[in-house]
Structure formats: structure tokens, C-alpha cells
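Have a look at the structure below, then the notes.
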Amino acid sequence: MSRQLFRECSGIALALLVALGATSALSQDDMAQPMPPETMEWGAAPPTLPEGAELAVLSGNPMEAGDFVVRLRFPDGYAVPPHTHPTAENVTVISGTIIFTHGEDPASAEPQEIAMGGYIMIPADHPHRAEAQGETVIQIHGEGPFEVSYLDPADDPRNQ
């Protein structure tokens with residue numbers, strides 16, 4: 001191989017290495033930072049939920065299209081009346097226990113108790129009800145916008 005060709009190939013190889021290094025550095029700079037529990041900012045849950053719940057947004061914006069992750073904190077006995085969501089809801093119980101009942105008539109359905117560390121995926125448009133047993137924190141991840149449609153419009157806190 002001639003020296004000229006060797007220099008040109010070496011230059012191209014060096015340029016590729018620099019470009020790959022810059023891409024690698026960029027992706028590391030763009031990586032999400034850890035969020036210790038004590039740094040999570042809690043506030044009142046949106047008005048689509050009964051009063052008393054608190055919300056912390058971990059990523060995304062649950063009120064807009066796109067992926068989101070939120071945590072909800074409920075006092076003991078807090079209940080969300082029968083409702084649906086237009087998108088699937090992935091729920092992990094961080095602490096406490098949540099009781100879910102499913103179906104068009106959740107009052108007559110068999111309750112499912114999900115304790116700390118448990119998980120449930122609730123499909124889109126699936127009627128369900130939730131109640132906290134003890135102070136409970138759940139984490140929801142899904143596709144926004146996060147909406148709540150109550151089976152009985154009188155249950156909607158926005159109508160009260």
C-alpha cells in the first residue's frame with residue numbers, strides 16, 4: 001500500500017473514531033440521572049382523581065402524548081371509584097397495598113390485593129376500581145395522555 005493511500009485511510013479511520021467517541025459521549029450526557037426518593041417533588045394529584053392523593057412525575061408529561069412515569073401516594077382507605085383509561089396502565093406497588101376490582105360492576109367483582117412489590121397491567125378501556133389499604137404508593141407507567149373516565153359521571157370529582 002502506498003504511503004499516500006495509507007495516510008488517507010488512517011485519516012478516515014481517525015475521523016470515524018472521533019465521530020464515534022463524540023456520539024458515545026453525547027449519549028452518556030443525555031442519559032437520565034438517578035432520582036432518589038427524597039428528591040421527588042410531590043404535589044396534589046390532578047383534579048381527575050378524588051381529593052387526598054399526591055403525585056410525583058418521574059419522567060415525561062402524563063397529560064401529553066408520549067411515555068410517562070408517575071408515582072401516586074394515597075392515604076389509608078383512599079378509593080378511586082369505577083373508571084377506565086383510554087390507554088393501558090402499568091402499575092407497580094412501591095409501598096402499602098392496593099385493592100383492585102375489575103369489570104362493569106366492580107362492586108360485585110372479586111377484589112385483587114396487590115402488596116408492595118406487586119405489579120398489574122390494566123388494559124385500555126378496562127373498567128376497574130382501586131382502594132388503598134394503609135398509606136400506599138404506586139408507580140404508573142404508560143402512554144399519555146393519562147385520562148380517567150368514570151363509569152358513573154357523578155363519581156367524577158370535577159363534577160362535584
Side-chain angles (χ1 to χ4, degrees), residues 21-160:
T23 302
S24 175
L26 178 63
S27 63
Q28 287 178 356
D29 288 345
D30 290 343
M31 288 177 55
Q33 298 299 311
M35 185 180 290
E38 64 273 7
T39 66
M40 293 178 189
E41 295 183 24
W42 292 90
T48 57
L49 293 173
E51 193 173 309
E54 294 179 295
L55 175 83
V57 177
L58 292 120
S59 73
N61 181 341
M63 299 306 150
E64 294 180 359
D67 294 335
F68 71 87
V69 179
V70 297
R71 287 198 180 170
L72 284 163
R73 182 166 44 203
F74 306 128
D76 182 31
Y78 181 88
V80 182
H83 63 282
T84 63
H85 305 280
T87 57
E89 184 179 31
N90 296 279
V91 180
T92 303
V93 180
I94 303 299
S95 64
T97 301
I98 194 95
I99 310 293
F100 281 106
T101 52
H102 303 272
E104 290 296 328
D105 183 15
S108 65
E110 185 70 28
Q112 290 181 305
E113 184 175 299
I114 303 169
M116 181 175 72
Y119 166 83
I120 187 169
M121 191 284 288
I122 302 170
D125 302 315
H126 181 77
H128 60 286
R129 175 186 190 285
E131 184 174 340
Q133 197 171 60
E135 183 178 282
T136 300
V137 176
I138 62 171
Q139 180 167 301
I140 301 173
H141 70 275
E143 185 76 22
F146 181 78
E147 296 175 9
V148 180
S149 298
Y150 290 91
L151 299 185
D152 181 349
D155 288 335
D156 190 330
R158 295 166 293 187
N159 296 335
Q160 297 171 3

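What's counted below: heavy atoms across the whole structure, side chains too, no hydrogens, waters or symmetry copies. Quick caveat: nothing in here was measured; it's all calculated off a predicted structure.
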Side-chain contact, heavy-atom cut-off 4.5 Å: Ser59 with Asp67?
-> no
Could you walk me through whether Thr101 and Glu110 pass the side-chain contact (heavy atoms from CB on, under 4.5 Å) check?
-> CA-CA 6 Å; Thr101 52; Glu110 185 70 28; over 6 Å; no
Do you know the tightest heavy-atom contact between Ala79 and Arg129?
-> CB-NH2, 3.7 Å
Any side-chain heavy-atom pair from Val69 and Gln139 closer than 4.5 angstrom?
-> yes
Tightest non-hydrogen contact, residues Leu151 and Gly103, listed as CD1-O, 4.5 Å
Do Phe74 and Glu131 pass the side-chain contact (heavy atoms from CB on, under 4.5 Å) test, and can you show the C-alpha distance, the side-chain angles, and the key distance before you say yes or no?
-> CA-CA 9 Å; Phe74 306 128; Glu131 184 174 340; over 6 Å; no
Compare every heavy atom of Asn159 with every heavy atom of Pro153, then report the nearest pair and how far apart it is.
-> O-ND2, 2.9 Å
Taken to the nearest 0.5 Å, the spacing of His141 NE2 from Met121 CE works out to 10.0 Å
For Asp125 and Pro127, which heavy atoms make the closest approach, and how far apart are they?
-> O-CD, 3.4 Å
Look at the aromatic rings of His85 and His83 and report parallel, tilted or perpendicular, splitting at 30° and 60°.
-> perpendicular
Compare every heavy atom of Ile99 with every heavy atom of Pro111, then report the nearest pair and how far apart it is.
-> CB-CG2, 3.6 Å
Check: Glu143 main-chain N/O paired with Thr87 side-chain donor or acceptor under 3.5 Å = yes
Gln160 atom CD, over 12 foreign heavy atoms within 6.0 Å = yes
Distance in Å, Leu49 CG paired with Asp156 CG, rounded so as to fall on 0.5 Å steps = 9.5 Å
Indicate yes or no: at least one non-hydrogen side-chain atom of Phe100 is less than 4.5 angstrom from one of Ile122.
-> yes
Given the rule in the side-chain contact (heavy atoms from CB on, under 4.5 Å) test, do Glu135 and Asp76 qualify, once you have shown the distances and angles that lead to the verdict?
-> CA-CA 5 Å; Glu135 183 178 282; Asp76 182 31; 5.8 Å; no
Any side-chain heavy-atom pair of Tyr78 and Leu72 under 4.5 Å | no
Beyond-backbone contact of Pro157 with Tyr150, side-chain heavy atoms, under 4.5 angstrom | yes
Closest non-hydrogen atom pair between Ala132 and Pro75, with its separation | CB-O, 3.6 Å
Verdict with reasoning, Leu58 to Met40, per side-chain contact (heavy atoms from CB on, under 4.5 Å) = CA-CA 7 Å; Leu58 292 120; Met40 293 178 189; 3.4 Å; yes
So do the side chains of Tyr119 and Asn90 get within less than 4.5 Å of each other, counting heavy atoms only?
-> yes
Report yes if some heavy atom in the side chain of Phe146 is under 4.5 Å from a heavy atom in the side chain of Glu89; otherwise report no.
-> yes
Met116 CE: over 12 foreign heavy atoms closer than 6.0 Å | no
Sole candidate of Ile138, Thr97, Ile120 that passes side-chain contact (heavy atoms from CB on, under 4.5 Å) when paired with Ile114 = Ile120
